2 protein chains.
Amino acid sequence: MSQTVDSFSFAKRIPATPSIGSTTVTKQDHVHLSFGFAAPHLFPIEQLSQSAAEAVTLHGRKALQYSGSVGPGQILKWIQARSQVHGIHVELDQILVTYGSTQGIDLATRILVEPGDHVWVESPSFFSALQAFRTAEAEITSFPIDEEGVRVDLIEHALLNAKQNGKPLPKFLYTMPTYHNPGGVTLSVERRKRLVQLAEIYNFFILEDDAYSELNFTGNRYPPLYTLFPERVIYLNTFSKIIAPGLRLGWIFADSNVIAKIKLLNLGGSIGVFTQEIVAKLLDGFAFQEHVDSLIDHYRQQRDVMANAVKNSFGEHVTFHLPEGGFYIWLRFADEVNTSDFLEDAANRGVSFVDGKSFYVNPEGFQYARLCFSYVSEDQIVRGVQSFADAYFAYINKAVS
Amino acid sequence: MSQTVDSFSFAKRIPATPSIGSTTVTKQDHVHLSFGFAAPHLFPIEQLSQSAAEAVTLHGRKALQYSGSVGPGQILKWIQARSQVHGIHVELDQILVTYGSTQGIDLATRILVEPGDHVWVESPSFFSALQAFRTAEAEITSFPIDEEGVRVDLIEHALLNAKQNGKPLPKFLYTMPTYHNPGGVTLSVERRKRLVQLAEIYNFFILEDDAYSELNFTGNRYPPLYTLFPERVIYLNTFSKIIAPGLRLGWIFADSNVIAKIKLLNLGGSIGVFTQEIVAKLLDGFAFQEHVDSLIDHYRQQRDVMANAVKNSFGEHVTFHLPEGGFYIWLRFADEVNTSDFLEDAANRGVSFVDGKSFYVNPEGFQYARLCFSYVSEDQIVRGVQSFADAYFAYINKAVS
Ligand SMILES: Cc1ncc(COP(=O)(O)O)c(C=O)c1O
Ligand SMILES: Cc1ncc(COP(=O)(O)O)c(C=O)c1O
């Protein structure tokens with residue numbers, strides 16, 4: 001069997017030996033600080049159950065049919081109205097509903113790049129996005145982040161250098177300007193302005209991934225890049241962090257010409273009418289702002305518990321930026337530390353985290369670790385961080401001895 | 001705005017001027033013989049409404065979370081069990097749930113072809129599939145069908161010729177062996193056997209699209225190509241014709257190594273857990289065989305009504321193959337007829353159909369038209385076919401005078 005399969009030459013985007021499947025041990029009592037998942041107890045289950053039944057009964061024949069390339073308008077209108085709260089003004093033909101923002105990343109990548117084209121990313125970056133760029137057979141170059149987000153000065157320097165030396169410019173830059181995953185940082189307003197200028201000057205697109213935009217713990221506001229340059233920013237967002245990821249519903253904002261191009265890839269007509277109708281029904285009459293406020297209160301509290309736990313358990317051994325929103329704390333250890341080396345011991349002690357190198361294109365970032373405070377309870381955070389610290393101290397003591 | 005967009009060079013897969021949007025006039029009272037849609041009154045709305053509420057309430061937190069790359073097992077088990085009725089025996093790692101078979105076509109294409117690779121299809125073929133191959137930047141070659149399905153002898157001849165002359169062989173052949181869309185024909189058992197032998201000898205894959213498999217009007221059985229050569233056939237099916245298309249749920253069967261490769265593209269973990277849980281709940285305890293039997297009775301009756309209406313309205317002016325299953329009657333007019341030329345007049349007379357050329361890669365097939373009997377009522381079929389005939393006779397009378 002495998003022999004027959006092996007004799008065929010698959011597309012280059014597909015590695016010869018796929019390595020799939022999570023290796024995380026899922027013991028009872030295991031604390032998953034690795035999971036970037038929304039807190040399930042905050043899913044609006046009852047309302048959704050009711051909306052599901054109602055939507056099917058009321059709009060069943062429509063909700064269950066093919067729907068052309070547009071899908072039901074109600075959810076588009078909700079997205080349009082809600083985005084105004086964030087200063088984004090779009091027409092309906094500038095919106096496309098997707099199977100989560102993960103599909104948005106994939107679709108945008110496929111309209112923008114040919115195999116061999118260049119994509120620039122942040123280091124660290126979101127691993128599913130990196131995987132999408134790899135399967136598009138793009139050449140990936142990365143630029144570091146600091147406390148104020150990605151180093152736009154380095155990007156500018158690289159662009160100038162490429163231009164002067166006739167080297168390839170990027171087709172697009174993928175960035176998470178607000179509440180970065182995993183970095184927890186937010187791009188400053190100055191850098192935002194410069195970045196979109198660069199996109200104009202050097203003729204590239206920006207893929208703005210704004211998955212955590214609603215989870216704003218401080219009230220500080222940053223203009224989405226899309227609002228600064230709607231012609232050259234493809235903006236991605238999702239219901240995954242604000243309603244539930246299992247719905248697989250997200251959206252893209254872009255120039256209507258760009259949306260039209262993306263629709264050409266969106267084969268089989270519009271996506272998940274059934275789910276769209278159910279979610280539209282949910283949102284209709286749902287106290288969304290209250291819901292988001294309770295998410296914010298919860299996640300902010302979780303962040304604080306985790307930040308304290310880290311200080312208590314690690315003392316001066318780590319540094320981190322306190323995130324203004326989102327799900328993650330990104331720990332930096334001393335440069336000689338390699339967090340991959342105590343991943344397994346931590347798992348044996350009942351806690352999972354993601355080691356730094358997983359977020360990089362090149363072999364680097366070993367001295368970082370991502371902890372996620374969204375999925376676990378306060379009690380688990382304290383216990384999990386302590387077990388993680390135990391694994392770390394055992395590791396450095398071994399290194400010393 | 002458009003200027004900024006136009007100055008960018010998009011991936012070659014994207015045509016410069018997208019032409020999207022249906023041009024079909026949707027008047028009240030218009031008869032849509034063009035829509036290849038399931039009959040909405042046969043959707044199991046009430047059961048689905050109940051399953052939706054129950055699934056969310058019972059499995060809500062699970063159904064709404066990310067689910068890793070596999071998704072809930074229940075629906076896989078249902079698909080596995082049901083397929084045994086059709087002689088297909090698969091392990092769970094040989095199944096992947098997709099967003100309809102349209103996504104299945106796209107995923108299979110992306111693992112198999114690089115831009116410039118060759119894909120062979122039937123002429124006529126399914127237009128969404130052709131669009132998927134074009135966006136993969138494949139070179140497409142087509143082979144005619146007759147009453148017994150695709151002309152495997154011509155495929156064999158072309159393979160031999162390519163081999164002898166060092167010309168490129170196909171990466172895969174896309175085929176709808178059973179109840180072809182639009183042709184209505186079914187591939188004979190002899191040709192099935194030869195086709196899989198050719199796939200083995202010439203080292204290509206077969207993409208077997210079996211979307212209509214359950215809608216068997218005669219009881220005749222044909223072995224799916226997948227059962228003849230599971231290592232080299234990627235088999236696609238869907239809930240669209242047997243439950244409802246708005247769910248966007250389909251599946252792939254393939255060698256487990258091939259499934260593993262496809263999963264690498266299936267970014268964002270498994271698809272639509274929410275929908276999968278709801279459909280699994282529906283199927284659990286649903287009298288599926290009875291449901292399918294009632295679909296078959298209904299569609300067979302519709303086919304007969306349409307076949308009679310065509311005979312009554314067109315007499316000797318058209319020929320067609322009476323389909324053993326599926327949704328379509330494929331009309332052949334005299335060679336000098338161009339059905340595109342009376343599309344608009346037919347629309348003005350209140351009926352839509354799909355003109356022949358839409359199903360071809362090259363400019364051909366003008367003398368054909370596809371009528372679909374699934375979506376409309378018996379009364380509409382009779383009226384629609386008569387209006388269609390009126391448009392045709394007006395067209396040929398004009399040509400003569
Ligand atoms: C930055 C970022 N983008 C996208 C996603 C995925 O979102 P979706 O569930 O909409 O595919 C995540 C989820 O972890 C994320 O962190
Ligand atoms: C041959 C064929 N394949 C696939 C499809 C699409 O199926 P799905 O709704 O599962 O994407 C259709 C629907 O018209 C079809 O006719």
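In this text the structure is predicted, and so the values were computed from the model without any measurement. Letters A, B, ... mirror the listed sequences (proteins, then strands); counts begin at 1.
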- Where does A:Glu137 contact chain B at under 4.5 Å (heavy atoms): side chain, backbone, both or neither? side chain
- Below 4.5 Å from any heavy atom of chain B, which atoms of A:Glu114 appear? Answer side chain, backbone, both or neither. both
Who wins among [options] for the most heavy-atom pairs under 4.5 Å with chain B?
options                                : result
A:Asp117, A:Leu112, A:Ile243, A:Ile278 : A:Leu112
A:Val56, A:Leu64, A:Thr275             : A:Leu64
A:Pro115, A:Ala136, A:Ala244           : A:Ala244

- Name the region of B:Leu249, side chain, backbone, both or neither, that has any atom closer than 4.5 Å to a heavy atom of chain A. neither
- Item | Interchain contact, B:Phe204 with chain A, by part (heavy-atom threshold 4.5 Å) | backbone
- Message: Less than 4.5 Å apart, side chain to side chain, heavy atoms only: is that true for A:Arg134 and B:Leu264?
- Response: no
- Item | Residue pair A:Arg13 / B:Leu265, side-chain heavy-atom distance below 4.5 Å | yes
- Residues in side-chain hydrogen bond (donor to acceptor under 3.5 Å, both in side chains) with B:Glu139, at least two apart? none
- Query: Roughly how far apart are A:Leu58 CG and B:Ile45 CD1, rounded to 0.5 Å?
  - Reply: 10.5 Å
- Given side chain to side chain contact (heavy atoms under 4.5 Å, CB included), test B:Arg110 with A:Arg110 step by step and report yes or no. CA-CA 11 Å; B:Arg110 288 167 75 195; A:Arg110 288 167 75 193; 3.1 Å; yes
- Query: How far apart are the C-alpha atoms of B:Arg248 and A:Tyr99, what are their side-chain angles, what is the distance that settles it, and do they pass the side chain to side chain contact (heavy atoms under 4.5 Å, CB included) test?
  - Reply: CA-CA 11 Å; B:Arg248 309 307 305 126; A:Tyr99 289 119; 3.5 Å; yes
- Message: Quick check: closest heavy atoms across A:Ala53 and B:Ala53, and the distance to 0.1 Å?
- Response: CB-CB, 3.8 Å
- Note on the structure: Nearest heavy-atom approach of A:Phe274 to B:Leu48 is CE1-CD2, 4.2 Å
- Query: Is it the case that more than 12 heavy atoms not belonging to A:Gln197 sit under 6.0 Å from its CD atom?
  - Reply: yes
- Validate the cation-pi geometry between A:Lys171 and B:Phe8: distance from NZ or CZ to the six-membered ring centre under 6.0 Å, angle to the ring axis within 45°. yes
- Select, from B:Ile105, B:Thr57, B:Ile111, the one with the greatest count of heavy-atom pairs under 4.5 Å involving chain A. B:Ile111
- Counting heavy-atom pairs under 4.5 angstrom with chain A, the leader among B:Ser51, B:Pro245, B:Ser101, B:Pro40 is B:Pro245
- Test salt bridge (charged side-chain N to carboxylate O under 4.0 Å, His left out) applied to B:Lys281 - qualifying residues, sequence neighbours left out: B:Glu54
